[in-house]
Amino acid sequence: MRHLMSPLDFSVQELDKLMDIAEDIEKNQEKYAHMCDGKILATCFYEPSTRTRLSFESAMLHLGGQVLGFASADSSSAAKGESVSDTIRIISCYADICAMRHPKEGAPMVAASKSTIPVINAGDGGHQHPTQTLTDLMTIRSLKGQLNNMTIGLCGDLKFGRTVHSLINALKRYNGINFVFISPEELKIPDYIRSDILDKNNIPYKEVIKLEDVMPELDILYMTRVQRERFFNEEDYVRLKDFYILTKDKMELAKKDMMVLHPLPRVNEISVEVDEDPRAVYFKQVQYGMYIRMALILTLLELV
Ligand code: CP
């Protein structure tokens, strides 16, 4: 039995296969419509979510399976003090596979260690968000045709943004990747990413504050929101929340085939006028998220 805690749990070849399945699902949905008949997905979300929870549920429903779960800690027995270890033992009796989001780093890993069904990390604190990374990789591969030889700008909250941490970790295994980190001083990437991932693997990167200065060199711009829920005080959040706003004017500085991704939700960091730009692919990215989660469910249940 396999779990998914980090994008590195799959080899590059396995990731390619997963994306191939997801692409086939996109083209031939009816072929997959009953592959999970009789199977149940549990979504155990101790933190708010729109995309991740609902795309997992939609994925299972599109595969012919059924779903159950909870959308907040308050609506589960966590509110009475039940541990994650005990909860997953219970969920293992009710479901065949579980997607779990938790505010504490490592909580899905604890669940996996006690589980008798596959557990998928659907986001743990500021640590990792592997299924968002699968979504991001599939979006880039589908729209750019490859995952090698690119300059990727990551902009915004690089300190608390778990999607950023997971994506850097995943992309370190591809060739010719060059990172540009765009953030205010207070929201720079954590030291462990710099030392354990970038320096250790000799991956070229630079850190800048001004987005306009680097726009012309980017192949991908990955925008992120400032993660209000992880700040210790509201004053800092208010000061930093609108540090970056991507506008039409800034898009004019970019390459004609540059692509803007965003894990969403968006707050103010991308002006709505940018949505009309064909280089803005964050809503298409959401569609890929469902197909890759369908492929993941099938793979972890050993149905493909
Ligand atoms: N991208 C993402 O994780 O969105 P949700 O928080 O809505 O699940």
Side-chain angles (χ1 to χ4, degrees), residues 4-7 22 41-62 67 69-76 97-108 111 119-140 142-143 152 154-171 187 220-231 237 241 244 246 259-270 275 280-297:
L4 179 71
M5 294 296 120
S6 149
L41 164 79
T43 51
C44 299
F45 276 57
Y46 296 81
E47 253 195 356
S49 166
T50 296
R51 271 147 299 277
T52 312
R53 187 171 65 83
L54 297 183
S55 67
F56 263 117
E57 296 188 357
S58 184
M60 191 49 141
L61 294 172
H62 275 94
V67 296
F70 53 86
S72 71
D74 285 350
S75 61
S76 78
I97 185 165
C98 172
M100 178 179 286
R101 171 171 289 187
H102 202 286
K104 283 200 181 137
E105 283 86 354
V119 176
I120 300 166
N121 177 2
D124 61 328
H127 186 219
Q128 299 265 355
H129 193 345
T131 62
Q132 181 63 49
T133 300
L134 300 181
T135 303
D136 302 339
L137 294 179
M138 182 170 172
T139 304
I140 297 170
S142 299
L143 300 179
I152 301 182
L154 297 117
C155 177
D157 185 349
L158 309 186
K159 178 179 180 183
F160 296 117
R162 60 190 171 201
T163 62
V164 167
H165 306 159
S166 271
L167 186 59
I168 297 168
N169 216 5
L171 284 169
L187 297 178
I220 305 280
L221 173 60
Y222 193 90
M223 293 295 294
T224 62
R225 81 186 160 92
V226 174
Q227 305 264 307
R228 179 181 204 161
E229 64 275 32
R230 315 223 185 275
F231 272 71
Y237 169 72
K241 72 184 172 70
Y244 298 106
L246 183 63
M259 285 187 344
V260 185
L261 277 72
H262 191 312
L264 304 179
R266 155 177 58 188
V267 186
N268 277 332
E269 59 282 354
I270 302 181
D275 297 356
V281 300
Y282 28 88
F283 291 116
K284 180 75 185 153
Q285 193 179 349
V286 173
Q287 284 181 326
Y288 286 129
M290 190 185 75
Y291 299 132
I292 200 77
R293 289 182 176 100
M294 288 171 80
L296 179 65
I297 290 169

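Start at 1 and go down the list; that is how both ligands and their atoms are numbered.
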Minimum heavy-atom distance between T131 and I292, given as atom pair plus value: O-CG2, 4.5 Å
Nearest-neighbour protein heavy atom for atom 3 (O) of ligand 1, which is reported as residue plus atom name and distance: H129 NE2, 2.8 Å
Contact partition for L264 relative to ligand 1, non-hydrogen atoms under 4.0 Å: backbone
Nearest-contact summary for atom 6 (O) of ligand 1 - protein heavy atom, Å: R101 NH1, 2.9 Å
T52: numbered ligand 1 atoms lying under 4.0 Å from its heavy atoms: 2 (C), 3 (O), 4 (O), 5 (P), 8 (O)
Rounded distance (nearest 0.5 Å) linking atom CG of D275 with atom CD1 of I270: 7.5 Å
Polar contact flag, side-chain donor to acceptor under 3.5 angstrom, H262-R225: no
Polar atom proximity, P263 to ligand 1 (N or O, under 3.5 Å): yes
Protein heavy-atom partner closest to atom 4 (O) of ligand 1 - residue, atom, separation in Å: R51 NE, 3.0 Å
Pair Q132-D136, side-chain donor/acceptor within less than 3.5 Å: yes
Any N or O of R53 closer than 3.5 Å to N or O of ligand 1: no
Interfacing atoms of ligand 1 (cut-off 4.0 Å, heavy-atom, T50): 5 (P), 7 (O), 8 (O)
